[in-house]
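A, B, ... follow the sequence lines: proteins, then strands. Residue 1 opens every chain.
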Amino acid sequence: MFGAHKPLAYDDSGHHSRGVSNRPEANVLRRVSMIRWSQQCIPTLKESPQDAEIPSHQLMLRAGLIRKLAGGLYTFLPMGLRALRNVERVVREEMDRAGALEILMPALHPRDIWDRTGRYDVLSDVMFKIKDRQQRELVLGPTHEEIVTDLVAREISSYRQLPKNFYQIQTKFRDEIRPRFGLMRAKEFIMKDAYSFDVSSEVADVSYQAMYDAYVRIFSRCGLRTKIVEADTGAMGGQSSHEFMVLADSGEDGIVECESCSYAANLERAETGDMPPLVFDDADKTLEVVDTPNARTIAEVAAFFDTTPAQMVKTLVYIADDQPVVVLLPGDRDVNEIKLARVLGASELNMADDAQVGKITGAPTGFAGPVGLKNVRLIADRKLAGCCGAITGANEVDKHLIHFDLARDVGDVELADLSFAREGDPCPRCGETLHEKRGIEVGHVFKLGTKYSEKLGALYLDESGKQHPAVMGCYGIGVTRTLQAIIEQRHDEHGIIWPASVAPYPVEILVISAKHEPSVALAEKLAIELEAIGIQVLIDDRDERPGFKFKDADLLGLPVRISVGEKSLARGVVEVKSRATGEMTEHAPEAVLEVVQALVEEAV
RNA sequence: CGGGGCGUAGCGCAGUCUGGUAGCGCGGUAGCUUUGGGAGCUAUAGGUCGGGGGUUCAAAUCCCUCCGCCCCGACCA
């Protein structure tokens with residue numbers, strides 16, 4: 001894979017084609033380009049700094065890739081930067097291949113443009129806001145929809161100029177509520193963001209698919225196993241979206257996937273298939289009020305009746321855009337407020353406070369129930385359809401109702417999917433079992449529609465001279481997050497296991513003893529030969545004990561390690577070890593080049 | 001912002017409860033020995049104990065206050 005994207009072509013004269021000739025001064029340049037550990041800055045750490053929690057964060061610090069300036073702000077050291085640039089290179093190559101056009105937009109934006117779409121308020125909490133010397137208000141860009149759309153509004157006027165897809169690889173700034181896990185969630189991070197503009201929704205789908213396909217290639221080339229899930233569009237707006245998730249226990253996002261079909265979704269969006277009605281006893285038992293002193297929470301009431309929370313009907317009071325709404329759920333389920341807000345069409349949604357609950361239900365918080373409520377919108381989770389024999393609040397202090405039957409006691413209720421899917425639920429597509437996983441969101445593709453193009457005037461003229469807003473898509477990859485996700489997914493107890501595509505260097509030559517002249521000479525010779533065929537090498541030439549250098553080699557995790565030492569040299573061989581497989585082989589120095597080249601090409 | 005924890009040498013930590021001249025390991029520097037999986041010995045440098053205020057004869061230790069960092073929850077690439 002590595003070789004495939006970085007051709008090692010020679011021209012007819014047999015000279016290396018990458019701008020290096022056989023003139024003597026060129027050899028000098030090559031020698032200078034040989035990277036010696038002793039002259040690099042690779043500050044490895046034996047122990048893990050105490051403020052790093054997850055493996056990838058610890059390893060980035062320990063392997064000397066990054067250092068922290070402050071919470072959510074990191075410096076990339078040489079090895080970290082090289083790996084970062086490699087991720088960027090993969091992204092750039094695939095974006096270019098997909099026909100996207102690279103541009104670079106400012107990180108500083110005038111406030112005005114954010115006001116024009118109303119997102120100054122929507123994203124107010126995450127934006128860093130500053131003023132210049134004239135007291136003009138500026139923000140540090142958390143994303144760039146407004147900026148590209150403004151560009152397109154100015155530059156594109158005809159259907160003949162479409163489709164277009166602009167992308168950039170640039171630093172974003174977000175005042176994160178809680179920066180976390182090193183580069184995973186930082187206040188300043190590098191993102192590849194792309195924006196497509198099309199003449200119609202149908203063609204926009206083609207652009208969307210092209211990005212989706214490019215993302216599959218990008219993450220695969222980065223050596224990542226990703227899970228693609230259906231996602232909510234959130235503050236971005238728009239119709240549909242997919243997230244590219246790296247499965248990891250430390251992931252901040254919950255997802256569910258079906259064990260049988262291809263269904264997978266972010267928990268925010270995941271649906272649940274039909275489940276059998278919740279029937280707990282005979283339907284003919286009549287509703288009964290029971291004293292339940294001091295039992296308010298679901299757990300307390302369930303304990304009081306010696307049953308499980310599943311038999312409860314949870315009654316929650318919300319205020320949606322100033323209107324009260326009563327929400328019913330199975331007692332062992334949590335509301336998914338994103339789903340709820342969507343169903344209600346509400347832009348603001350808050351739990352009612354105790355006073356509001358008292359006013360609406362006539363009872364203190366903890367005893368709310370659906371029976372007898374008047375003048376309030378009632379909405380129930382779909383899983384409650386046909387529910388009977390349940391227990392719920394009686395809207396009176398210290399009282400609950402038993403033998404509750406939703407249809408009988410409340411009548412026709414609005415039903416909707418309002419709860420979070422969870423482990424063991426049936427798949428909405430095929431009915432088989434859903435499993436819950438954790439994931440790191442490394443990429444996100446959205447179909448945006450015309451929200452931004454309308455507000456910012458990104459209009460084009462069609463064949464008949466009629467004006468239309470361009471149909472947009474937007475596509476993000478967290479580049480710095482992807483880098484860390486690679487480490488999170490590819491490490492062992494000794495250190496990082498880089499894919500060759502991203503590794504700071506594909507090969508390390510470890511000189512067992514820096515004082516053994518023949519070893520040093522051979523190591524340098526091999527390095528020069530490898531560089532001549534386009535494989536860059538890091539030589540560990542430090543005058544350290546071998547064990548020390550082996551540990552560092554495993555920590556840094558370059559894909560191929562060549563060890564040159566007196567003992568093996570006495571037998572006429574050097575050792576070649578693959579970091580990924582741990583497989584070690586011995587070869588005569590003349591044979592090493594070929595072996596290493598093959599290993600590097602494999603080591604994705 | 002709510003809840004929990006931490007801040008002592010470059011890194012990892014002890015010392016704080018019970019106030020009395022600031023320690024350990026790793027790392028750094030110099031030397032000798034050692035050299036195939038984070039070496040040994042010797043010498044040596046390095047700390048306003050996060051900042052400020054207070055109590056006290058005396059504060060890393062007790063009190064007040066501010067700051068920073070980490071973890072759990074609400075947001076996102």
Is there a Watson-Crick or G-U wobble partner for [N] with both distances under 3.5 Å, and which nucleotide is it?
N      : answer
B:rG2  : B:rC72
B:rA39 : B:rU33
B:rG23 : B:rC13
B:rU55 : none
B:rU44 : B:rG28

Check the distance between [N]'s [atom2] and [X]'s [atom1] and give it to me in whole angstrom.
X      : N      : atom1 : atom2 : result
A:E47  : B:rC26 : CD    : P     : 10 Å
A:K187 : B:rC76 : NZ    : C1'   : 15 Å
A:M184 : B:rC70 : CE    : C1'   : 17 Å
A:E544 : B:rG36 : CD    : P     : 14 Å
A:I177 : B:rC1  : CD1   : P     : 12 Å
A:M60  : B:rC11 : CE    : P     : 19 Å
A:D543 : B:rA39 : CG    : C1'   : 13 Å
A:R178 : B:rC69 : CZ    : P     : 13 Å

From [options], pick the nucleotide closest to the side chain of [X]?
X      : options                : answer
A:D51  : B:rC72, B:rC69, B:rA77 : B:rC69
A:M191 : B:rA77, B:rC76, B:rG12 : B:rA77
A:K577 : B:rG36, B:rC76, B:rG37 : B:rG37
A:K551 : B:rG73, B:rA77, B:rG38 : B:rG38
A:F181 : B:rC72, B:rC69, B:rC11 : B:rC72
A:D552 : B:rG36, B:rC71, B:rG38 : B:rG38
A:R62  : B:rC76, B:rG36, B:rG38 : B:rG38
A:L555 : B:rC71, B:rG38, B:rC69 : B:rG38
A:K515 : B:rG38, B:rU34, B:rC71 : B:rU34
A:R174 : B:rA77, B:rG36, B:rC75 : B:rA77

Parallel, tilted or perpendicular: rings of [Y] and [X] (30°, 60°):
X      : Y      : answer
A:F219 : A:F244 : tilted
A:H109 : A:W114 : parallel
A:Y475 : A:Y208 : tilted

Pairwise [atom1] distance, [M] and [N] [rounded to whole Å]:
N      : M      : atom1 : answer
B:rU65 : B:rC57 : P     : 24 Å
B:rU55 : B:rA60 : P     : 16 Å
B:rC41 : B:rG3  : P     : 50 Å
B:rU35 : B:rG40 : P     : 14 Å
B:rC26 : B:rA14 : C1'   : 15 Å
B:rG12 : B:rG7  : C1'   : 14 Å
B:rU21 : B:rA58 : C1'   : 11 Å
B:rG47 : B:rC24 : P     : 15 Å

Any side-chain N or O of [X] below 4.0 angstrom from OP1/OP2 of [N]?
X      : N      : result
A:R185 : B:rA77 : no
A:Q50  : B:rC11 : no
A:K567 : B:rG36 : yes
A:R180 : B:rG73 : yes
A:R545 : B:rG38 : no

Q. Is it true that a side-chain atom of A:R490 and a backbone atom of A:I497 form a donor plus acceptor pair closer than 3.5 Å?
A.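 Side chain of A:R490 to backbone of A:I497: a pair is present.
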**Q.** A:K549 side chain vs A:R542 backbone, donor-acceptor pair below 3.5 Å
**A.** yes
Under 4.0 Å between any heavy atoms, over every strand shown, what does [X] touch: base, sugar-phosphate, or nothing? Just pick one.
X      : result
A:D253 : base
A:R542 : nothing
A:E176 : base
A:A514 : nothing

Is [X] salt-bridged to [Y], going by a charged N under 4.0 Å from an acidic O?
X      : Y      : answer
A:R333 : A:D381 : no
A:R116 : A:E146 : no
A:E145 : A:K451 : no

(Q) If you assign A:H494 and A:G72 each to the RNA chain B nucleotide with the nearest heavy atom, which residue ends up on the more 5' nucleotide? (A)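 Nearest nucleotide further toward 5': that of A:H494.
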Q | Residue closer to the 5' end of RNA chain B, A:G71 versus A:V126 (nearest nucleotide) | A |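 Final value for this comparison: A:G71.
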Q. Can a donor-acceptor pair under 3.5 Å be found between the side-chain atoms of A:S568 and the base atoms of B:rG36?
A.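 Indeed there is one.
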Q. With no hydrogens and no angle check, do the side chains of A:S419 and A:K339 hold a donor and an acceptor under 3.5 Å apart?
A.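 Side-chain D/A pair, A:S419 to A:K339: absent.
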(Q) Is there aromatic stacking of A:F189 on B:rA77 here, judged by a ring-centre distance under 5.5 Å and a plane angle under 30°? (A) yes
(Q) Quick test of the criterion, 5.5 Å between centres and less than 30° between planes. Is A:F548 stacked on B:rG38 or not? (A)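 Aromatic stack with B:rG38 absent for A:F548.
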